[in-house]
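These numbers were taken from a predicted model, which means no experiment stands behind them. In what follows, chains are A, B, ... by sequence order, proteins preceding strands, each numbered from 1.
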Amino acid sequence: MLAKRIIPCLDVKEGRVVKGKQFVQLRDAGDPVELAMYYNSEGADELVFLDISASSEGRNTMVEVVREVAAKLNIPFTVGGGIQSLDNIKTLLRAGADKISLNSSAIANPDLITAGADFFGCQCIVCAIDAKWNPETGTYQVYTHGGQRATSWDAIEWAKRAVALGAGEILLTSMDQDGEKSGFELNLTQKISEAVDVPVIASGGAGKASDFLDAFQMGKADAALAASIFHYKETSVANVKSFLKQKGVAIR
Amino acid sequence: MIGIVDYGMGNLYSLSQALKRLEQPYFISDEPSVLEKADGLILPGVGAFKDAMGLLNEKHLNEFLRKFAETKPLLGICLGMQLLFDESEEGSLTKGLGLIPGRVIRFSGISDDGARYKVPHMGWNTLEFITPESPLLKGLEPGFAYFVHSYYADLEEPATLIAAADYYGQVPAVVGKQNVFGAQFHPEKSGLFGEALLKNYLQLVKQNSDLLIQNQQSGKVGS
């Protein structure tokens with residue numbers, strides 16, 4: 001039986017792991033390779049590295065980080081953040097990333113999804129969507145540039161479009177829930193999961209083990225991602241997985 | 001020595017690092033004259049079947065791989081496994097290497113009871129050992145393996161099925177016929193289970209190479 005995946009996310013800036021609360025206020029917290037191996041030993045099913053470097057030096061450092069991680073890690077990992085071109089995609093995949101995730105650049109240049117999928121297969125192109133509830137329009141609005149710029153896209157429509165263009169997976173982050181530790185955005189997760197035929201990763205808001213259960217059962221997510229709670233050891237991947245197992249969720 | 005077939009499709013770095021972790025010497029090449037020196041080959045690959053076969057044909061690897069597999073082991077991984085079959089319906093119907101009988105077809109995305117399901121089949125799935133006595137499964141307990149694929153092999157000979165996963169029906173996960181083996185999942189990304197399976201393949205390659213040397217030597221004595 002296909003297992004639900006638990007995915008720790010590591011935000012990397014200039015080669016070091018950090019984690020922000022609602023995309024600001026960074027705290028430096030470690031070496032990416034060591035943390036990757038730690039999460040692997042804890043039973044993580046996959047990892048996501050998000051490069052939040054501002055400089056081109058930082059981005060080059062990320063390629064080195066990817067190469068070092070790929071040399072040691074025997075589970076899959078995704079790299080996202082600041083990927084602008086097919087060349088960037090090629091560089092990261094050749095450095096050993098299994099998938100890359102596109103966010104702002106996919107909105108700006110949707111053809112990039114198709115170009116990447118044509119070249120390496122859709123399984124390695126993840127479309128990352130940052131969404132925020134807009135009470136005025138009653139829709140979930142897509143934001144780019146680390147949540148700073150609103151777009152005119154509705155999250156569900158954009159998810160469908162991204163999959164039609166060739167995305168093999170959706171990484172959905174709720175900006176409303178991110179950093180709040182009060183649970184994933186279940187309504188939107190479920191809507192998107194039912195709207196597309198590719199796997200959906202729920203992200204933003206995990207605070208405790210039962211939040212993951214909700215993401216899978218109510219949100220219909222295929223995987224769930226969290227950063228802070230694992231990172232600051234408020235709970236562990238192993239704890240979350242044993243809780244889910246008890247509840248009858250298919251877990252590796 | 002293991003040869004990794006580099007025909008321009010896929011992530012050779014992860015696979016080569018996995019061999020490094022197993023302390024297995026390897027080389028990477030797209031030249032039949034170089035690859036033929038290997039004791040066994042690994043054919044990796046992600047991407048589209050048609051592009052992959054195009055490149056294999058262009059680099060004269062199609063004919064070479066079929067000849068190589070007559071005497072030495074070949075392991076195809078993911079798309080590399082699919083290429084071992086007669087043909088694939090991905091894109092337009094495309095001829096494969098024809099080393100294992102069967103056709104590569106797409107997950108329908110609709111289950112027997114009419115419900116939609118997700119394609120690609122992505123993530124960790126449990127394996128069922130169909131042929132537990134296969135040298136590839138030696139000493140292994142059925143565990144989780146990491147899959148990412150939208151197409152799967154529809155086998156013509158049930159005896160070629162070594163292990164299977166269940167994803168809205170039986171999905172061939174490990175196949176084999178004589179010297180030719182295939183893994184639909186990524187052993188290099190499947191944790192300790194994947195590593196153990198790779199190790200079994202390396203062991204099989206070594207045994208085959210020892211046997212070939214032995215036969216050569218006894219052949220010389222005989223003549």
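Only the backbone of A:E194 comes within contact range of chain B, judged by heavy atoms closer than 4.5 Å. Both the backbone and the side chain of A:I75 come within less than 4.5 Å of a heavy atom in chain B. Neither the backbone nor the side chain of B:H186 comes within contact range of chain A; no heavy atoms are under 4.5 Å apart. Of the atoms belonging to A:A223, not a single heavy atom falls under 4.5 Å from chain B. Only the backbone of A:K72 comes within contact range of chain B, judged by heavy atoms closer than 4.5 Å. With a 4.5 angstrom heavy-atom cutoff, A:R252 touches chain B via backbone and side-chain atoms both. Heavy atoms of A:N40 lying under 4.5 Å from chain B are absent altogether. Neither the backbone nor the side chain of A:A250 comes within contact range of chain B; no heavy atom of the residue lies under 4.5 Å from a heavy atom of that chain.
Contacts between residues 123-142 of chain B and chain A, counted as heavy-atom pairs separated by less than 4.5 Å, involve B:G123, B:W124, B:N125, B:T126. Heavy-atom neighbours of chain A within the stretch residues 76-101 of chain B, taken at a separation under 4.5 angstrom, are nonexistent. Residues of residues 17-35 of chain B having a heavy atom under 4.5 Å from any heavy atom of chain A, listed by number: B:Q17, B:R21.
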Should A:D222 and B:M122 be marked as a side-chain contact (heavy atoms from CB on, under 4.5 Å) after you check the CA-CA gap, both sets of side-chain angles, and the distance that decides it?
CA-CA 9 Å; A:D222 300 281; B:M122 183 187 283; over 6 Å; no

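Scanning both residues, A:G96 and B:S14, for their nearest heavy atoms gives O-OG, 3.5 Å. Of all the heavy atoms in A:N74 and B:L192, the pair that sits closest is ND2-N, 4.1 Å.
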Using a 3.5 Å cut-off and no angle test, enumerate the donor-acceptor pairs between side-chain atoms of residues 61-68 of chain A and protein atoms at least two apart in sequence or in another chain.
from	atom 1	to	atom 2	distance (Å)
A:T61	OG1	A:E57	O	2.8
A:E64	OE2	A:R67	NH1	2.8

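With B:K118 contributing its side chain and A:S193 its backbone, the two residues share a donor-acceptor pair below 3.5 Å.
The structure places CZ of B:F144 at 8.0 Å from CD1 of A:I251, a figure rounded to the nearest 0.5 Å. Remark: B:Y13 OH to A:L93 CG distance equals 14.0 Å, nearest 0.5 Å. Between the CG atom of B:D51 and the CZ atom of A:F120 there is a distance of 12.0 Å, given to the nearest 0.5 Å.
When the shell of 6.0 Å around CZ of A:R161 is examined, it contains 12 or fewer heavy atoms from other residues, nucleotides or ligands. In the displayed structure, B:M1 atom CE is contacted under 6.0 Å by more than 12 heavy atoms of other residues, nucleotides or ligands. Summarising the local packing, NZ of B:K59 is surrounded by more than 12 heavy atoms from other residues, nucleotides or ligands at distances under 6.0 Å.
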